[in-house]
Every structure is written in C-alpha cells, then in structure tokens.
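Numbers restart at 1 for each chain; the letters A, B, ... are given by sequence-line order, proteins then strands. All heavy atoms count here, side chains included; hydrogens, waters and symmetry mates do not.
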Amino acid sequence: MTLTIATWNINSVRLRLDLVLRYLSEAAPDVLCLQETKCPDAEFPRSAFVKAGYPHILHRGMKGYNGVAILSRLPLAAAENLTLCGREDARHIAAEVRPADGPSLLVHNFYVPAGGDIPDRIENPKFGHKLDFLAEMTDWAERLRARHDRAVLVGDLNIAPLVHDVWSHKALLKVVSHTPIECEALLHLQDSGGWIDAVRCLNPEPEKVYTWWSYRSPDWNAADKGRRLDHIWVGPALKPAIASSSILRAARGWERPSDHVPLAVTLAL
DNA sequence: ATGGTGGTCCTACCA
C-alpha cells in the first residue's frame, strides 16, 4: 500500500476553504496537515471536509493566530499534543494514522514560530521564542526516538536550512529563516531525532526547492525569490518507504492564495 | 537601502 502525507500553511482555513477543497480533490492525499488555520475549534469547517471524503479530523485552534489541524481519509487516533515554551498557542498536533492493513504511523504537525524580523534574542524576544521552541522540540525528538521510529514530522518549520533552500544564500544570511543559528538549530533537531528529510532525499541539493513566496513580491513567479520553509521528515524505519514527492507551486498562483504551497510525500509501505 | 502585501478583528499585531 501507499500513503501520501501532505502539509500546507493555509493562512486562514475559513478564508481559503475552497482552496483546501480544490487541493484535496486534485491531489487526493491520504492525510493533510494544515498550519495557521486561525480558527477557534468551535468554528472549524469540519462538515465541508467530511463531505470531501476526509471524515477523520483533529484540530487545535485559537482566535486570530496560529492553529493546526489534521484531515484524513484513514482513521485517526488523537495523540498527545505538546505545549512548547509553556504556551497553549496551538502550534502542534499529533495523531496516530491507522491504515486498514498494516501498522499505524504517528504524524506530528508543527507550526514553528516565525521569529520576527531581527535575528537577536535580546533585541527581539520573538527570535528567542523561536530558538527556545526549537530547543524544546530537540529534547522531545530525542525522547521520541527511543520509543517510536514509525513517525512523520511535518509542518511550517519557518526555517530554510540548506544553501539551495533559498533564492540567494548570501543575501539571506541575516534574514530570519536562514540565519546560521536557526539553520544549525534545525539541522541539530533533525539529527538528534534521527529524522530523514524526505523532500531532500528525492530532490537533493543543488536543486532549488521552495515552498513559500512572500506576499510582498509583486511578481513572485518571475522574481522567484522563494524559500523552503515547509518540511516533511520521516523516522529511520520509514526511510526505505520514501517513494515520491510533490510541491504544488501552481497553488501560489490560485486566486487569493496562501503565501505557502502544499507539499506531499508518498510512502510505499 | 527601503518598503513592499495579506489576515484577523478594530487597533494593532502577526506573518
């Protein structure tokens, strides 16, 4: 059997409900993880996804900011959600995915803090929060590794760690999302947890790979000043199962788009 | 070197 897991920072699930439904219809992933749903749990547009063939839904939202969700065609069982940096700010949700045949998978969906504009934790507490969040994720990943390697970690990690994850490595060295301290922290998290970067396994450097283009670029497609902020990682036991990946760049050109596009990895289990 | 756009929810904050 194959299992396709997708992730997308949707920047308001209510405003862009039609875009999510279009993606589900066209790409038909088995599981879709969303970030920045910006939707309180009581108002999550659950029935639209049920009608679209995704009846298994978990969400963790709040008013105005953040928010994560998992939509699935396969049965889900809620797993423990993390409270990082002591904040109940809806930046992580986890689920066990239970295929009809075969063992289950643990899916962790993260929305890492963006970190503000100034890459200095003294001048900018948001940057400190981002680094602290990554440090707590690293501790968590080390503990998880010991007991569960059939795991997948996806989400908007808000860091483009490799040279060809950005349009210009040199121009972005002091720009939050590509500073050396963040890139090192993300790669340390990856290494500590034993995670495999599935998208880079299939599209190795020096190929340019982007999942985000700023709203502030008037001609995003021609300028192509993208960054790879969104990621799909798998635990070591799943590495041999990595089969294919897709990044739907076209979604950046849809009407009223998110600034992120959906990406997906198919596992042959 | 600077400012550029978009979402939420009412005034500024976040990305």
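- For A:Ile118, the CD1 atom is densely surrounded, since the number of other residues' heavy atoms within 6.0 Å is greater than 12.
- Between B:dC14 and B:dC9, the distance separating the two C1' atoms is 12 Å to the nearest Å.
- Computed from coordinates, the A:Arg16 CZ to B:dT8 P distance equals 7 Å when rounded to whole Å.
- For the pair A:Trp212 CH2 and B:dG6 P, the interatomic distance rounds to 13 Å; values are reported in whole Å.
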With salt bridge (Lys or Arg N to Asp or Glu O under 4.0 Å) as the test, would you mind laying out the steps for A:Arg60 and A:Glu88 before giving the verdict? CA-CA 10 Å; A:Arg60 186 178 177 197; A:Glu88 285 292 345; 3.0 Å; yes
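- In this structure, A:Arg91 reaches the sugar-phosphate backbone alone: every heavy-atom distance under 4.0 Å involves primed, P, OP1 or OP2 atoms, never a base.
- Distance from the side chain of A:Leu15 is smallest for B:dG7 among the nucleotides B:dT5, B:dC10, B:dG7.
- Comparing A:Thr37 and A:Pro218 by the nucleotide of DNA chain B that holds the closest heavy atom to each, the one mapping nearer the 5' end is A:Pro218.
- For A:Asp117 and B:dC14, the CG to P distance is 11 Å, given to the nearest whole Å.
- Aromatic ring orientation, A:His92 versus A:Phe110: tilted (interplanar angle from 30° to 60°).
- Partner assigned to B:dT8 is B:dA12, using Watson-Crick or G-U wobble distances below 3.5 angstrom.
- Each of A:Gly64 and A:Ser217 was assigned the nucleotide of DNA chain B with the nearest heavy atom; the assignment lying further toward the 5' end belongs to A:Ser217.
- Between A:Tyr65 atom OH and B:dA15 atom P the separation is 9 Å, expressed in whole Å.
- A:Trp220 places its CH2 atom 16 Å from the C1' atom of B:dG6, with the value rounded to the nearest Å.
- The closest side-chain donor-acceptor pair between A:Arg227 and A:Ser177 falls under 3.5 angstrom.
- The distance from atom CG of A:Asn11 to atom P of B:dC9 is 12 Å, rounded to the nearest whole Å.
- The phosphate of B:dC14 (OP1 or OP2) has a side-chain N or O of A:Lys126 nearer than 4.0 angstrom.
- B:dT2 makes up no base pair with any nucleotide shown, lacking Watson-Crick or G-U wobble contacts both under 3.5 Å.
- Checking B:dC9, B:dG7, B:dT5 against the side-chain heavy atoms of A:Arg14 singles out B:dC9 as nearest.
- Distance A:Arg252 CZ to B:dT5 P: 13 Å, rounded to the nearest Å.
- Side-chain N/O atoms of A:Ser12 include one lying less than 4.0 angstrom from OP1 or OP2 on B:dT8.
- Taking atom C1' on both B:dA15 and B:dG4, the two are 14 Å apart, rounded to the nearest angstrom.
- Taking atom P on both nucleotides, B:dT2 is separated from B:dG6 by 23 Å, rounded to a whole Å.
- A:Asp18 and A:Arg256 are not joined by a salt bridge, as no carboxylate oxygen comes within less than 4.0 angstrom of a charged side-chain nitrogen.
- Atom OH in A:Tyr215 sits roughly 18 Å away from atom C1' in B:dG3 (whole-Å rounding).
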